[in-house]
J.: 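Would you mind keeping the following structure in view while I ask a few things?
Throughout, residue positions are numbered sequentially from 1 according to the sequence presented. The basis for the numbers below is simple: all heavy atoms, side chains too, and nothing from hydrogens, waters or symmetry mates.
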Amino acid sequence: MAADDVRELLLSTTADASDPSTPLSAPDLRLLIDRLRLRSDRLHASALSFAASHRGALASSLTRAASAADSSASLESSLDSALAPLASSPDLSDLRALADRLLAARRELAERQEHLAAASTIASFAARLREARAAANPLDTAAAAAAELKPLLIDAERSGSGEDGPVVFGLLRSDWEQLVDELQVGLAKNVEECMEFAPEGGKVVVRAIPKSCSSRKQSVELSVALQALEIIDALDYGMAKIADLMMKHILVPAISNIHVAVSVEVIQEVGPEHSVSVLTIVASEGLKDNKDGLSLYSRIIDVIKFACKFICMENSKWVQSFAKLTWPRISDMVITHFLSKAVPNEASKLIEFQDVVRSTAEFENKLRSMMFLLPDRKDAKLTQFVDDVEVHFAIRKRSEILVKARNILVQYDYDNPLESGDRGDSVVDLLFLPEKCFTSKSVLLLMKLVHGALKDASMSSARVAKEFCFAARDVLLLYKAIVPVQLEKHLDSISQVAAIVHNDFYHLSQEILGLAFQYHADFPIDLQKQVVFVDLAPIFSQMADVVLRRQIQLTIDTISEAIDGADGFQNTHQPQHYESAKFSIDQVVFILEKIRIMWESILPKSTYRKSMYHVLGSVFSRIARDMLLIDDMAAEETLQLQGLIHLALENISLLFLSLVDNDDGSTKFLDHDTWIQLDGTVPSLKKFRKLAELLDMSLKSITAAWESGDLVSCGFTSSEVQNFIKAIFADSPLRKECLGWIVRTPA
C-alpha cells in the first residue's frame, strides 16, 4: 500500500497525520495495523463472493486455458519432429531449388491463365466485330454493336490512342474505327437517300425509308438511321449533307425571295414509318412581304417545322443538331436580306423599326418553343442585331457620309477652280478673323456634311451621336489624307492650286475651332466629354503653314535663279552684261507679278501681305547684297545700276500698291506716305531704294549720311559703306579721310 493510502487511514482520527514530515507514534501504528487487517478481511470476503457467483464462467475459462496449453505442447512436439530431419541434414540446396521451381511453376500457371483470358477476350471482340461487319446485318444493328465495343476498345482518357497497349488491341481499335467510318458513310448515305431535292430547287421530298439500298448494308428507316448515327456519336456527320441541301434548295429561296410561299403536303401515308412528305417553295405574285418581316419569319418557321417533324421526327437532340448546322447561315441570310435593309435611313424612323424588333423577338421565341434554339439565348443573333439597330443605323450613316466625302474630294477639279460659275460662293468669311478667302468648293461641301452630321448627333441618343461625331471627324481627316497626296505635284510647284489648298486647311482650322462652341452644348451629356474637335485645329493650321511656307520658298528659289543670271550685276557699263542684268530684273518682276496675280485673289489679305513681305525682303536683300559686293564700279556703271533699281521699283508698282491700305477707297499712288509705309513693312526695300540714291551721291554726302545715321537706319553696315566707297571713288586723301570718319563713327 502506498504511503499516501496509509496516511489517509489515519486522517479521520489523527489531526496531524497529513503532515508527511511528522513521524507516526506507537498508538498510530497499532491503529493502522487494525485498520489494515479489517480492510484485508473485507477484500477476501468480496473475492470469495465474486468467485461463488461466477463459478461456471471461471471454470469454463480455466478449462479453455488448459486445452490451449495442451495444444501448444502438441504443436511444439510436431514441429520438433518435422524439423528433426532438417536439423540432421548438412545441405538444404536441393530443398530450396525444389521450392523455387514450385514458385516459378505457380507464376507461369497464373500468367498462362491471364493470357488465356486475354486471348478469350480478344477472340470475343474479334468475333463481335466480324458479326457487326457481316453483310447480312442492318446498319442499326452494326451501329449498336460498334457502340457496345467502344468503351471496351477505346480509352477515353487517352482519346483512344492505345499506344501503350498490346499490338493486337491496336489492330482491333483500327478495325473498330474503320467499321465506324463505314457506318458513318453508310448511314449518312441512307439518310440522304431518304431525301429527294428538285434540281431546280424549291422542292424536297422526304421518305420514311429510302428508295434504294446503300452500297453494302440493308437500308433502314430514316429514324433508325438517325438513331444509329446518334449511337455512334456521328449525328452531325449524318446531318451535314442534309443541312447543306436544305439551305441550298429550300431556305435560300425562302429567305432571299419576297414573292414566295411554303407549301407542305403528305402525299402518301400507309403508316408513320412509310410516310412521304413534300415541301415546296411556290411563287406567289400577289404576296407582299410586310415591313416588319412577319411573312419572311412565317416562311422560315414553316420550313423548320417541316424539318423538325419529318426529318428530325421531333427528337430534341436531332433538332438541335440540324439547328447547329443551319441556324448560323439562316440568321446571316435574314440579316443580309432583310434586317440590314430594314434599318431606317433617317433618325426619325427609328420608332417604326420597333415593329421589326417585336416580330424578330417573337420569331426567335417560337424557334425556342420548337427546341430549334436553346433557351439560354446564346444564339439570339437576330434579336441582338435589332436591339443594336441604332448603332447599325449610325454606322450606315457614317459609311454614307464618308463615301460622299471621298467622292467630293476625288471628283473635284482643282485645275480650274476659278472658272466655275459659282466662284462667288467659294469666297467665305473666316470665323475668327475679319477677312475673306477663296476656298475650293470641295471644302464647302465637306463642311456641309460635317454640320449635317453634328446636327443629327445633337438630336440623337448617345450611341448614335457618337457615330455621327466620329463621322464628322473622319470627314475632316479624309481631306488631310487625300488632298496632299492627290495634289502633290501642284504643291511642289508655284501654283494657284497650292494657294487654294492653303486656304482650305486654314478655313477648316477656323471652322473646327467653332464646332465646339456651336454644337457641344447640344450633344448628349455622356458624349460631351468624349467627343472633341479642338485637337484637329492645330493640325490643319500647321498643314496650312506648311503649304504656304513651301510656296514662299519655291518663289524665293525661283527668283534667286533669275538673279543668278545677272552675274552679280558686274560690268553693267558693257552692253552685253547690262542686257543680262536687265533681263534678270525683268524675270524677277515677271515672277513677282505672277505671284501677285495668283495670291492676291486667293489668300486672305493679311496672309497675302505677310507672304509678299517675306518674298520682297528676300529679293531686295539679295540684289542689294550683290551690288554692294562689286569691288570696282565705273561712273557709267553706277548710272546703269541706278537705272536697274528704278526699273525694278517702277515695274512692280502694282505689287506695292496691293500691300498698302487705302482707307478712302480711291486709287492709291506711290507717294511719299506710301513709300514710308512700305519701308516700314519691308526693311530691305528701304535699303534698296537708298542704294539707288548712293549710286548718284558724292563722297562727302555719303560720309555725311553715315555720320547722321541715315544709312544705318536703312540697314547699311560700316563695312558695306566702306567697300562701296572704295568701289566707286578712286584712292585719294579725301577718300582716306572719309573712310576714317566712317570707321570712327559708331554705327
J.: Write down the atom of S684, the atom of F620, and the distance for their closest heavy-atom approach.
T.: OG-CB, 3.6 Å
J.: Does H577 offer a backbone N or O that forms a donor-acceptor pair with the side chain of T572 under 3.5 Å?
T.: no
J.: List the steps, then state whether salt bridge (Lys or Arg N to Asp or Glu O under 4.0 Å) holds for R622 with D564.
T.: CA-CA 10 Å; R622 168 68 190 279; D564 290 340; 2.4 Å; yes
J.: Does a side-chain N-to-carboxylate-O contact under 4.0 Å join E579 and K582?
T.: no
J.: Kindly say whether W327 contributes a backbone atom to a donor-acceptor pair with the side chain of S331 at under 3.5 angstrom?
T.: yes
J.: Using the test side chain to side chain donor-acceptor pair (under 3.5 Å), find all partners of D557 that sit at least two apart in sequence or belong to another chain.
T.: Q553
J.: Take atom CD in Q384; do more than 12 heavy atoms of anything else shown fall under 6.0 Å from it?
T.: no
J.: Donor-acceptor pair, Q510 side chain versus H507 backbone, under 3.5 Å?
T.: no
J.: Assess the side chains of N503 and T439: does a donor N or O sit below 3.5 Å from an acceptor N or O?
T.: no
J.: For the SG atom of C437 and the CD1 atom of I500, what is their distance to the nearest 0.5 Å?
T.: 10.5 Å
J.: Could you go through K397 and D456, starting from their C-alpha distance and side-chain angles, then the distance that decides it, and tell me whether this counts as salt bridge (Lys or Arg N to Asp or Glu O under 4.0 Å)?
T.: CA-CA 10 Å; K397 295 296 291 184; D456 290 339; 5.5 Å; no
J.: Would you sort out whether L641 and I645 count as a side-chain contact (heavy atoms from CB on, under 4.5 Å), showing the intermediate values?
T.: CA-CA 6 Å; L641 292 175; I645 293 175; 5.5 Å; no
J.: Short question: side chain of S340, backbone of T336 - any donor-acceptor pair under 3.5 Å?
T.: yes
J.: Is there a side-chain contact between L616 and L659 in this structure, where contact means two heavy atoms from C-beta onward sitting under 4.5 Å apart?
T.: yes
J.: Please check this pair: side chain of Q551 against backbone of S495, looking for a donor-acceptor N/O pair closer than 3.5 Å.
T.: yes
J.: Evaluate the side-chain proximity of E720 to K687: yes if any heavy-atom separation is below 4.5 Å, no if none is.
T.: yes
J.: Determine, step by step, whether L536 and L477 satisfy the side-chain contact (heavy atoms from CB on, under 4.5 Å) criterion, reporting the C-alpha distance in whole Å, the side-chain angles of both residues, the deciding distance to 0.1 Å, and the verdict.
T.: CA-CA 8 Å; L536 296 179; L477 293 173; 3.7 Å; yes
J.: Could you tell me which non-hydrogen atom of I401 sits nearest to which non-hydrogen atom of A471, and how far apart they are?
T.: CD1-CB, 4.1 Å
J.: Considering all heavy atoms of both residues, which atom of M447 and which atom of L476 are nearest to each other, and what is their separation?
T.: SD-CD2, 4.0 Å
J.: Any heavy-atom pair between the side chains of L251 and M333 that's under 4.5 Å?
T.: no
J.: Determine, step by step, whether V547 and M543 satisfy the side-chain contact (heavy atoms from CB on, under 4.5 Å) criterion, reporting the C-alpha distance in whole Å, the side-chain angles of both residues, the deciding distance to 0.1 Å, and the verdict.
T.: CA-CA 6 Å; V547 173; M543 290 295 294; 5.5 Å; no
J.: Going from CD1 on I552 to NZ on K610, what distance comes out if it is rounded to the nearest 0.5 angstrom?
T.: 11.0 Å
J.: Less than 4.5 Å apart, side chain to side chain, heavy atoms only: is that true for S713 and K686?
T.: yes
J.: Flag the pair V386 / L339 as yes when at least one side-chain heavy-atom distance between them is below 4.5 Å, and no otherwise.
T.: yes
J.: Quick one: NZ on K594 to CG on L655, what's the gap to the nearest 0.5 Å?
T.: 15.0 Å
J.: Students often mix this up, so state it plainly: with edges at 30° and 60°, are the rings of H392 and F385 parallel, tilted or perpendicular?
T.: parallel
J.: Is the shortest distance from a Lys or Arg side-chain nitrogen in E435 or K605 to a carboxylate oxygen in the other one below 4.0 Å?
T.: no
J.: Assess K441 against Y412: is NZ or CZ under 6.0 Å from the centre of the six-membered ring, and within 45 degrees of the ring's axis?
T.: no
J.: As an exercise, state the distance from NZ of K690 to CG of D679, rounded to the nearest 0.5 Å.
T.: 10.5 Å
J.: Any pair with a residue in residues 578-619 that passes ring-ring contact (aromatic ring centres under 6.0 Å, His included), sequence neighbours left out, goes on the list, sorted by first then second residue, please.
T.: none
J.: How long is the straight-line distance from OG1 of T360 back to CD of Q354, given to the nearest 0.5 Å?
T.: 10.5 Å
J.: Between F363 and Y297, how do the two ring planes meet: parallel, tilted or perpendicular, split at 30° and 60°?
T.: parallel
J.: Using the ring centroid of each side chain, check whether F724 and F716 are separated by less than 6.0 Å.
T.: no
J.: Going by the ring-ring contact (aromatic ring centres under 6.0 Å, His included) test, name the single residue among F533, Y479, F505 that passes it with F540.
T.: F505
J.: Testing the 3.5 Å rule here: is there a donor-acceptor pair between the side chains of S658 and E600?
T.: no
J.: Is it the case that the side chain of S618 and the backbone of V615 share a donor-acceptor pair, with hydrogens and angles ignored and the cut-off at 3.5 Å?
T.: no
J.: Applying side-chain contact (heavy atoms from CB on, under 4.5 Å) between S440 and each of D504, L409, V501, report the one that passes.
T.: D504
J.: Report the C-alpha separation of D492 and K489 in whole Å, then their side-chain angles, then the decisive distance to 0.1 Å, and conclude whether the salt bridge (Lys or Arg N to Asp or Glu O under 4.0 Å) test is met.
T.: CA-CA 5 Å; D492 287 337; K489 292 182 179 180; over 6 Å; no
J.: Just by modelled atom types, is the D355 backbone N or O under 3.5 Å from a matching donor or acceptor in the S359 side chain?
T.: yes
J.: Under 3.5 Å, side chain of T383 to main-chain N/O of A380, donor-acceptor pair present?
T.: no
J.: What heavy-atom pair brings H451 and E511 nearest, and what distance separates the two atoms?
T.: NE2-OE1, 3.8 Å
J.: Looking only at heavy atoms, which two atoms of K381 and E364 are closest? And how far apart?
T.: N-OE2, 3.6 Å
J.: How far apart are the closest heavy atoms of V588 and A562, and which atoms are they?
T.: CG2-CB, 4.1 Å
J.: So with a 6.0 Å cut-off around CD of Q542, is the heavy-atom count from everything else above 12?
T.: no
J.: Counting C-beta onward and ignoring hydrogens, is there a side-chain heavy-atom pair between Q642 and T638 closer than 4.5 Å?
T.: no
J.: So I623 and I585, do their side chains get closer than 4.5 Å, heavy atoms only?
T.: yes
J.: Applying side-chain contact (heavy atoms from CB on, under 4.5 Å), run through L548 and S611 and close with a yes or a no.
T.: CA-CA 8 Å; L548 184 60; S611 301; 3.6 Å; yes
J.: Do the non-hydrogen side-chain atoms of I494 and M598 ever get within less than 4.5 Å of each other?
T.: yes
J.: CG/L654 to CG/L592 distance, rounded to the nearest 0.5 angstrom?
T.: 12.0 Å
J.: Report the C-alpha separation of R473 and D535 in whole Å, then their side-chain angles, then the decisive distance to 0.1 Å, and conclude whether the salt bridge (Lys or Arg N to Asp or Glu O under 4.0 Å) test is met.
T.: CA-CA 10 Å; R473 285 181 61 93; D535 61 306; 3.0 Å; yes
J.: Donor-acceptor pair, R398 side chain versus F468 backbone, under 3.5 Å?
T.: no
